[in-house]
Amino acid sequence: MAKRALITGVTGQDGSYLAELLLDQGYEVVGMVRRSSTVNFERIAHIQDRLTLVAGDLLDEVSLIAVLRDHPPSEVYNLAAQSFVQTSWSQPVLTGETTALGVTRLLDAIRTVDPEIRYYQASSSEMFGKVLEVPQRETTPFYPRSPYGVAKVYGHWITVNYRESYGLHASSGMLFNHESPRRGLEFVTRKVTHGAARIALGLDDELRLGNLDAQRDWGYAADYVRAMWLMLQQDTPDDYVVATGETHSVRELCQLAFDAVGLDWEKHVVVDERFLRPAEVDLLVGDPTKARQTLGWCREVDFPGLVTTMVEADTAMIRGQLR
Ligand code: NAP
Ligand code: GDD
């Protein structure tokens, strides 16, 4: 019998890559989607006929219990969240309801319906925030710097708590930034690769950004969803940092992306204070030793390769729209 997995956030960047991976492994994949007045299945359109899509919302525990009862999974991947850091200052309560309390709702639904279900929590390097150690590892204390980071710390600890209180096979992946051509346009990598492509095609002349000095440990999303799956295949649940071990600035990102289209980034990028944050995470760089040694995980795509791929994908997409 095929294993059945439930993915919350299946319409998101990571949800789409994880769904592909699990389908390739022979899983039956159930994707939870929330009600919307317009369909937003762009990232899963190519695999939609192989997925079972069911309605549910992290804000509504009744819907979570119904999904688990109607489509009993052996693994649940909780990827759903209000995931954009900047928005978490303008919508802090919604961010807390979804990204923090949503985790409790789902864990409690699992405990009620079937405590044998294995659970993955999408935790984040944003929990390290104003970092207390470089590089950041599983034992580094948290110091979140945004309502989103605070909510993720709650989600992480409630996962650990349900594991310790009820013996759930619940693991938390502390994933550093991971990107792809499917990344939302509001995140800085995609904003830069899409912006560079538009400027190269003569559609825009400038790209307005915030803090160019911020440094991130950027990897490729398809590499990172493999780590999620590996965590749930272990005999014992645990917490893991997933990262490349390298850090790069937004400035370097701009240089690589504009180089890829043969332009000088300094002639087009304009700093705009609207994109500065009330509190910033200046530097993230993770130590993935535990994931490498225990899970056998390693990344396959490096930072220049990632940026070039994203610029090429954006250029091709925009050209297609112009035709
Ligand atoms: P994303 O593209 O923003 O996707 C978020 C998903 O959550 C979407 O499918 C969204 O549905 C869904 N969602 C939002 N609110 C919901 C609700 N109330 N009920 C049910 N579904 C809801 O995020 P991502 O980049 O794939 O990230 C996946 C997860 O990993 C998130 O939890 C994120 O916080 C975490 N994470 C991401 C990174 C990264 O670098 N990408 C790093 C560390 C952790 P709609 O399509 O309907 O909006
Ligand atoms: N979005 C954005 N837009 N960020 C900018 C801009 C801009 O115009 N200019 C500079 N930045 C800087 C931000 O201030 C931040 O320091 C950095 O670029 C990265 O911003 P994002 O791409 O928005 O990602 P993030 O690091 O805040 O959050 C992402 O990674 C987290 C893991 O560390 C999200 O995917 C989170 O959901 C995830 O948990």
Before accepting this row, confirm whether a basic side-chain N of the pair [X]/[Y] lies closer than 4.0 Å to the acidic partner's carboxylate O.
X      : Y      : answer
Arg277 : Glu126 : no
Asp314 : Arg198 : no
Asp287 : Arg137 : yes
Arg105 : Asp108 : no

Quiz question: by atom type and distance under 3.5 Å, do the side chains of [X] and [Y] form a donor-acceptor pair?
X      : Y      : result
Ser171 : Asp238 : no
Gln121 : Ser172 : no
His46  : Glu20  : yes
Gln215 : Ser249 : no
Tyr162 : Trp157 : no
Gln13  : Ser180 : yes
His248 : Glu246 : yes
Ser63  : Asp57  : no

The single option from Tyr224, Phe303, Phe187 that satisfies ring-ring contact (aromatic ring centres under 6.0 Å, His included) with Trp218 is Phe303
Result for side-chain hydrogen bond (donor to acceptor under 3.5 Å, both in side chains) between Glu75 and one of Tyr27, Tyr119, Trp229 points to Tyr27
How about [X]: does its [atom1] atom have over 12 heavy atoms from other parts shown lying under 6.0 Å from it?
X      : atom1 : answer
Lys130 : NZ    : no
Glu273 : CD    : no
Phe275 : CZ    : yes
Glu42  : CD    : no
Glu116 : CD    : no
Arg319 : CZ    : no

Is there a path of hydrophobic side-chain contacts, each under 4.5 Å between heavy atoms, that joins Tyr154 and Leu106? yes
Out of curiosity, does Leu175 fall in the hydrophobic cluster containing Leu230 (side-chain heavy atoms, cut-off under 4.5 Å, transitive links)? yes
Would you check if the side chain of [X] reaches a backbone N or O of [Y] as a donor-acceptor pair within less than 3.5 Å?
X      : Y      : answer
Trp265 : Leu256 : no
Asp204 : Ile199 : no
Glu280 : Leu276 : no
Lys191 : Leu209 : no
Thr99  : Ala151 : no
Arg34  : Ala55  : no

Looking at every non-hydrogen atom in both residues, tell me the closest pair between Thr98 and Leu58 and how far apart they are. O-CD1, 3.7 Å
In terms of heavy-atom contacts, Ala257 and Val192 come closest through CB-CG1, 3.6 Å
Please evaluate residues Arg208 and Asp272 with respect to the criterion salt bridge (Lys or Arg N to Asp or Glu O under 4.0 Å), reporting the C-alpha separation (whole Å), side-chain torsions for both, the decisive distance (0.1 Å), and the verdict. CA-CA 6 Å; Arg208 305 185 82 83; Asp272 183 335; 2.9 Å; yes
Fit a plane to each ring of Phe258 and His268, take the angle between them on a 0 to 90° scale, and name the class: parallel (under 30°), tilted (30 to 60°) or perpendicular (over 60°). parallel
